[in-house]
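For reference, the structure discussed in these notes is given below.
Indexing begins at 1, ligand by ligand and atom by atom, following the structure's order. Counting begins at 1 with the first residue of the sequence. Predicted, not measured: the structure shown is a model, and the values here were computed from it.
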Amino acid sequence: MCGIFGYVGDKNCIPYIISGLEKLEYRGYDSAGVAYLKDKNLEIKKIVGKVQNLKEILDFNDFSNMGIGHTRWATHGGISVENAHPHTDCEGNIAVVHNGIIENYKEIRDFLISRGHKFKSQTDTETVPHLLEEMVDKEGMNLEEALKELFKRLEGAFALLIIDKRRPNTLYALRKQSPLIVGFGTGENFVASDIPALGAYTERFYYLEDNQMAIVSDREIKVYDL
Ligand code: GLU
């Protein structure tokens, strides 16, 4: 069991994400990472080991209004920086963190490689950003359509938290058989895999149900049944 934490709002996401990941450490993990916006691009930082090690390589002078973080318990691919989350698509537009297992990742990965996608890790998770890229850039869907289509194409149990640098004020949270909770703030909102990570910031929560997607911005949360 690993951990997910995401922030979107009017403050700097980085201290929130680190503090959220620290509160999820009790769940056990082998590596950790974050993705946030820097100069309109995704900045990704990942390490093997403890959240403390991640803190040491982060630049706390960076300011970003949204970001996602993850503590990984490896199931597919060894314990390495490359396999740590977040994972991205070829163009570096989309970043994904994931709890759980994508059962049919092999066939999706083979299909995406045949379509020219370059993988950087051995994880099941990395199929997600590349599949979204394929659906958006090659199959002509918008991101919301592609995320809904993901539920049809992915088999297994997953909690996914996704950002796209072209949507600089939005977190996309998807849940199928792996817990994910949205926390409501004022001018800011949160997503996490467990309550302890949110308790310091808000007492108002929504537990996503199976096959639901939340689109979370600083002022609005929309939940879809899929
Ligand atoms: N299956 C994914 C991986 O091995 C996610 C594992 C987890 O839940 O931390 O990277």
Side-chain angles (χ1 to χ4, degrees), residues 1-6 17-18 20-35 42 44-54 67-90 92 94-113 117-133 147 150-151 153-163 171-182 190-198 207-208 210-214:
M1 288 264 282
C2 55
I4 285 176
F5 190 89
I17 294 172
I18 292 300
L21 294 183
E22 284 174 337
K23 298 207 175 64
L24 295 170
E25 285 191 293
Y26 73 93
R27 291 158 71 93
Y29 66 103
D30 50 58
S31 50
V34 297
L42 291 179
I44 312 273
K45 303 273 191 188
K46 313 202 270 195
I47 52 91
V48 168
K50 294 289 168 195
V51 174
Q52 181 58 36
N53 305 355
L54 184 60
I68 55 178
H70 188 257
T71 50
R72 176 180 186 233
W73 186 299
T75 64
H76 291 63
I79 300 169
S80 67
V81 172
E82 293 72 31
N83 288 339
H85 304 204
H87 292 286
T88 57
D89 60 330
C90 294
I94 296 168
V96 175
V97 293
H98 165 220
N99 280 4
I101 291 171
I102 294 160
E103 309 276 359
N104 58 338
Y105 81 99
K106 269 207 182 77
E107 62 185 77
I108 297 173
R109 186 179 166 110
D110 289 347
F111 162 71
L112 291 167
I113 288 171
H117 291 262
K118 301 272 185 282
F119 282 72
K120 299 183 276 297
S121 80
Q122 287 75 49
T123 60
D124 50 344
T125 307
E126 198 188 349
T127 55
V128 175
H130 290 284
L131 182 55
L132 287 170
E133 179 176 49
L147 289 163
L150 255 195
F151 272 94
R153 298 202 195 174
L154 299 185
E155 291 165 15
F158 50 82
L160 293 165
L161 189 60
I162 299 169
I163 54 174
L171 308 175
Y172 299 90
L174 287 75
R175 181 207 153 132
K176 188 176 175 190
Q177 292 169 23
S178 190
L180 212 47
I181 302 159
V182 180
F190 312 88
V191 177
S193 45
D194 207 352
I195 288 287
L198 295 169
Y207 289 76
L208 284 181
D210 267 345
N211 303 316
Q212 281 190 331
M213 169 170 73

Polar-atom distance check: [X] versus ligand 1, any N or O pair below 3.5 Å?
| X | result |
| --- | --- |
| Thr75 | yes |
| Gly100 | yes |
| Thr71 | no |

Euclidean distance, Ile162 CD1 relative to Leu147 CG, rounded to 0.5 Å: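 Going from the CG atom of Leu147 to the CD1 atom of Ile162 covers 5.0 Å.
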
Neighbour count >12 (heavy atoms, 6.0 Å) for atom NZ, Lys106: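 Not buried by this count: 12 neighbours or fewer within 6.0 Å.
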
Residue pair Ala32 / Tyr29: nearest heavy atoms and the distance that separates them: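 Between these two residues, the closest heavy atoms are CB-CE1, 4.5 Å.
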
Minimal non-hydrogen separation, Val182 against Ala214, with atom names: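 Smallest heavy-atom distance, with atoms named: CG2-CB, 4.0 Å.
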
Aromatic plane relationship, His76 with Tyr105 - under 30° parallel, 30 to 60° tilted, over 60° perpendicular: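 Ring orientation, 0 to 90° scale: perpendicular.
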
Geometric class of the His130/His117 ring pair [parallel <30°, tilted 30-60°, perpendicular >60°]: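 Judged by the thresholds at 30° and 60°, the geometry between His117 and His130 is perpendicular.
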
With heavy atoms of [X] as the reference, note each atom of ligand 1 found under 4.0 Å away.
| X | value |
| --- | --- |
| Trp73 | 6 (C), 7 (C), 9 (O) |
| Cys2 | 7 (C), 8 (O), 9 (O) |
| Asn99 | 8 (O) |

Of the listed options Arg72, His87, Glu126, closest to atom 10 (O) of ligand 1 (non-hydrogen atoms):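 Result: the heavy atom closest to atom 10 (O) of ligand 1 is in Arg72.
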
Proximity of Asp124 to ligand 1 by residue part, where a heavy atom lies under 4.0 Å: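 Side chain only; the backbone of Asp124 stays clear of ligand 1.
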
